[in-house]
Amino acid sequence: MEELNRYREAFLNLPGQIQEAEVQAEKNILSEATVSGGVSKGMGFSEKTELFVRASGEKTGMVYTENLSEDPQEILRLAFENSLMGETKEPMNTREEVEEGSKAAGELGKTEECCETETKVLHDFACRMETELREQFSDAGRIEVGAVQKLTMMGIVNTKGVDVSATTGHFDVTVEVSHRDDPLKIYTETRSAKQLSQIGAEAFLENLKNWELTVRESGKFIPGTYRAVLSSQVVNFLLVTGWQMFSGVHYQSGRSALCGKLGEKVFSECITIRDKKGRTDCGIPSGYTFLIDAEGTPCKDVNVVEKGIFKGLLHNLSTAHKAGTSSTGNAGRKALLSGNIHTDMTVIPGNLMIEAGENTLAQLLSKCENGIYIYEAYDQFHGLNTVTGDFMFPCKGILVEDGQLKAGVSGLSMNGNIVELFQSVEALGREQKIEPMIMYNNYVVSGPSMLVSNLRVSG
């Protein structure tokens, strides 16, 4: 990346006392268009480049800047000054480590062919998508379709010989539909792919038809413990923060509900969880691809849980060194929503997914027999304690009688423990949405609908 050229030169004459230095450049180009009722609701284009500069003496300091004209020597000096107030010396990759990692990942130096898409193309696509959805889903009220292309260019150089870069790109299409008979009832889903042509209206229709079943009269609800079917959206709410159980940072600091259980059976045999650098399976292609992480490590697929057995953690260099293993290429900075600038190196997932099953919603309900279908949850960032695994989410549901959906119930709360919940999974559905990290769109979680034997529901 051109943005790193001046730092390559600066590394030849480092300011005194700096033993090691590293710069990560990340450029994001965003094009987007939104349509509703055949009318444009907005089109936009933005470009942003961020530099994360690390310098180490006895400890490591950091400087963040978006000003590409600043003197690299001065930025490196400021990073070193910040290191004097730091807590630890963070490891940095060597060229040999990156080359060794690339042999395992098989992707180093591979850059996707990514071309910018004009906003008019996105607008026209969104118009066609809205028309098709309205033709095939007669109960729709308002339909809004947003099409987004995101291109990401990342480069890392350091004084230990690392000089790597990668370019990735994908399209997100988000559909929002209100019900004709209840305008306040809104369905939202995002689909992602490498090409717009890979996302068609049919991809949304099955889930839309399942959502339509939730429009029904209210019934009487008695708090208690139920057999329950959870929609993909609800499972994703658990994963949006629950993925931290598998982070090396949280595991090593005692802040994971799975601490000390690596290698043990922790969930139902139905549960297999993988973190993938690029995903096209499970019937929902995800355009998100990860080639190198924020430390320059080539990204690897990680087998996190295999048929209920806790197999592996997500690592950056620091947590990998502590564990006596190699990084999995999961170093990143934007882990969760925060009002602060993300400068600290941590662990983030790529495409963290629970592998789907083959059951339709009707089949899961039939297996449930009598219980409740929880189809919507709220407050995704505050409902789960990743240290204990305890959770409580406001939610909406429908009572299930003899395998059929009956009366709707709202104003509910589902509560329990995520480890115990995943231990009680009896079957998985084929319905599977993706949930990109809100605002940053820098990783994705995805879980299928599932049948669980025990869920406490109050309301």
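All values below were derived from every heavy atom in this structure, side-chain atoms included, with hydrogens, water molecules and symmetry-related copies excluded.
Between the side chains of Tyr64 and Glu50, at least one donor N or O lies within less than 3.5 Å of an accepting N or O. Side chain to side chain, His382 and Asp379 meet the donor-acceptor criterion of an N or O pair below 3.5 Å. For the residue pair Lys433/Ser231, the side-chain donor-acceptor check at 3.5 Å is not satisfied.
Val35 approaches Ala126 most closely through the heavy-atom pair CG2-CB, 3.8 Å. The two residues Phe246 and Leu258 make their nearest non-hydrogen contact at CE2-CD1, 3.5 Å. Listed here is the closest heavy atom pair of His123 and Ala33: N-CB, 3.5 Å. Nearest approach of Gly329 to Cys299, heavy atoms of both residues: O-SG, 3.2 Å. Of all the heavy atoms in Leu364 and Ala427, the pair that sits closest is CD2-CB, 3.9 Å. Taking each heavy atom of Ala294 and Gly332 in turn, the nearest pair found is CB-CA, 4.0 Å.
Ser247 contributes no side-chain N or O that, together with a main-chain N or O of Val347, makes up a donor-acceptor pair within less than 3.5 Å. Side-chain atoms of Glu435 do not come within 3.5 Å of backbone N or O of Phe237 as any donor-acceptor pair. In this structure a side-chain-to-backbone donor-acceptor pair under 3.5 Å is missing from Asp390 to Asn385. A donor-acceptor pair under 3.5 Å is absent between the side-chain atoms of Ser449 and the main chain of Leu230, judged by distance alone. Looking at Glu355, its side chain never comes within 3.5 Å of a backbone N or O of Ile271 through a donor-acceptor pair. Under a 3.5 Å cut-off, the side chain of Asn417 and the backbone N or O of Thr388 do form a donor-acceptor pair. Judged by distance alone, with hydrogens and angles left aside, the side-chain atoms of Thr328 form no donor-acceptor pair with the main-chain N or O of Lys300 at under 3.5 Å. At distances below 3.5 Å, at least one donor-acceptor pair connects side-chain atoms of Ser40 with backbone N or O atoms of Gly42. For the pair Asn316 (side chain) and Asn330 (backbone), a donor-acceptor distance under 3.5 Å is absent. Listed for the Asp275 side chain is a donor-acceptor partner under 3.5 Å among the backbone atoms of Gly350.
Salt bridge status for Lys48 with Glu66: present, with a side-chain N to carboxylate O gap under 4.0 Å. Residues Asp124 and Arg128 are not paired through a salt bridge, judged by the lack of any N-O separation under 4.0 Å between the basic side chain and the carboxylate. The existence of a salt bridge linking Lys406 and Glu401 is excluded, since no basic side-chain nitrogen approaches an acidic carboxylate oxygen closer than 4.0 Å. Using a 4.0 Å cut-off between charged side-chain N and carboxylate O, Glu189 and Arg191 make a salt bridge. A salt bridge does not link Glu369 with Lys367: none of the charged nitrogens is closer than 4.0 Å to a carboxylate oxygen. The existence of a salt bridge linking Arg430 and Glu206 is confirmed by a sub-4.0 Å separation between a basic side-chain nitrogen and an acidic carboxylate oxygen.
For the atom pair CD (Gln363) and CG (Leu451), the distance works out to 12.0 Å, reported to the nearest 0.5 Å. With rounding to the nearest 0.5 angstrom, the OG1 atom of Thr117 is 13.0 Å from the CD atom of Glu32. Taken to the nearest 0.5 Å, the OG atom of Ser31 stands 11.0 Å off from the CE atom of Met43. Here the CZ atom belonging to Arg134 is positioned 4.0 Å from the CD1 atom belonging to Ile143, to the nearest 0.5 angstrom. In this structure, Asn207 CG and Thr188 OG1 are separated by 12.0 Å, a value rounded to the nearest 0.5 Å. The CD1 atom of Ile186 sits 9.0 Å away from atom CD of Glu376, with the distance rounded to the nearest 0.5 Å.
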Is there a side chain to side chain donor-acceptor pair (under 3.5 Å) between Asp172 and Tyr288 once you walk through the steps?
-> CA-CA 9 Å; Asp172 285 337; Tyr288 287 71; 2.8 Å; yes
Could you walk me through whether Ile372 and Ile398 pass side chain to side chain contact (heavy atoms under 4.5 Å, CB included), step by step?
-> CA-CA 6 Å; Ile372 191 168; Ile398 302 172; 5.9 Å; no
Audit row: Lys261, Ser256, side chain to side chain donor-acceptor pair (under 3.5 Å) steps and yes/no | CA-CA 10 Å; Lys261 298 185 182 297; Ser256 167; over 6 Å; no
Evaluation steps, side chain to side chain contact (heavy atoms under 4.5 Å, CB included), between Lys311 and Arg274 = CA-CA 10 Å; Lys311 291 283 191 177; Arg274 306 190 195 283; over 6 Å; no
For Gln233 and Tyr375, run side chain to side chain donor-acceptor pair (under 3.5 Å): C-alpha distance rounded to whole Å, both residues' side-chain angles, the deciding distance at 0.1 Å, then the answer.
-> CA-CA 7 Å; Gln233 186 259 7; Tyr375 64 86; over 6 Å; no
Apply side chain to side chain contact (heavy atoms under 4.5 Å, CB included) to the pair Lys150 and Phe171, showing each step before the final yes or no.
-> CA-CA 6 Å; Lys150 182 181 180 182; Phe171 293 89; over 6 Å; no
Worked check of side chain to side chain donor-acceptor pair (under 3.5 Å) between Thr152 and Asn28 | CA-CA 5 Å; Thr152 298; Asn28 288 297; 2.7 Å; yes
Show your reasoning for whether side chain to side chain contact (heavy atoms under 4.5 Å, CB included) applies to Tyr443 and Trp243.
-> CA-CA 11 Å; Tyr443 63 82; Trp243 67 263; 3.3 Å; yes
List the steps and the verdict of salt bridge (Lys or Arg N to Asp or Glu O under 4.0 Å) for Glu90 and Arg54.
-> CA-CA 9 Å; Glu90 298 176 353; Arg54 294 196 290 173; 2.7 Å; yes
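Other residues, nucleotides and ligands contribute over 12 non-hydrogen atoms within 6.0 Å of the CD atom of Glu426. Counting non-hydrogen atoms of neighbouring residues, nucleotides and ligands closer than 6.0 angstrom, the CD atom of Glu264 exceeds 12 such neighbours. Annotation for Glu269: atom CD does not count as buried by contact number, only 12 or fewer foreign heavy atoms lying within 6.0 Å. In the displayed structure, Lys265 atom NZ is contacted under 6.0 Å by more than 12 heavy atoms of other residues, nucleotides or ligands. The neighbour count for Met1 CE, taken as heavy atoms of other residues, nucleotides or ligands under 6.0 Å away, is above 12. Within 6.0 Å of CD in Glu47 there are more than 12 heavy atoms belonging to other residues, nucleotides or ligands.
Classification of the Phe310-Tyr251 ring pair by plane angle, with boundaries at 30° and 60°, yields perpendicular. Using a 30° and 60° split on the angle between ring planes, Phe267 and Phe422 fall in the perpendicular class, above 60°.
Of the residues Leu361, Val400, Ile374, Val452, the one that meets the side-chain contact (heavy atoms from CB on, under 4.5 Å) test with Val229 is Leu361. Just one residue in the list Thr386, Leu384, Val387, Val249 forms a side-chain contact (heavy atoms from CB on, under 4.5 Å) with Gln244, and that residue is Thr386.
For an aromatic pair to be called close, the ring centres must be under 6.0 Å apart, and Phe221 with Tyr226 satisfies this.
Side-chain atoms of Val173 and Phe204, non-hydrogen and from C-beta on, do get closer than 4.5 Å to each other. No side-chain heavy atom of Ser232 sits less than 4.5 Å from a side-chain heavy atom of Pro448.
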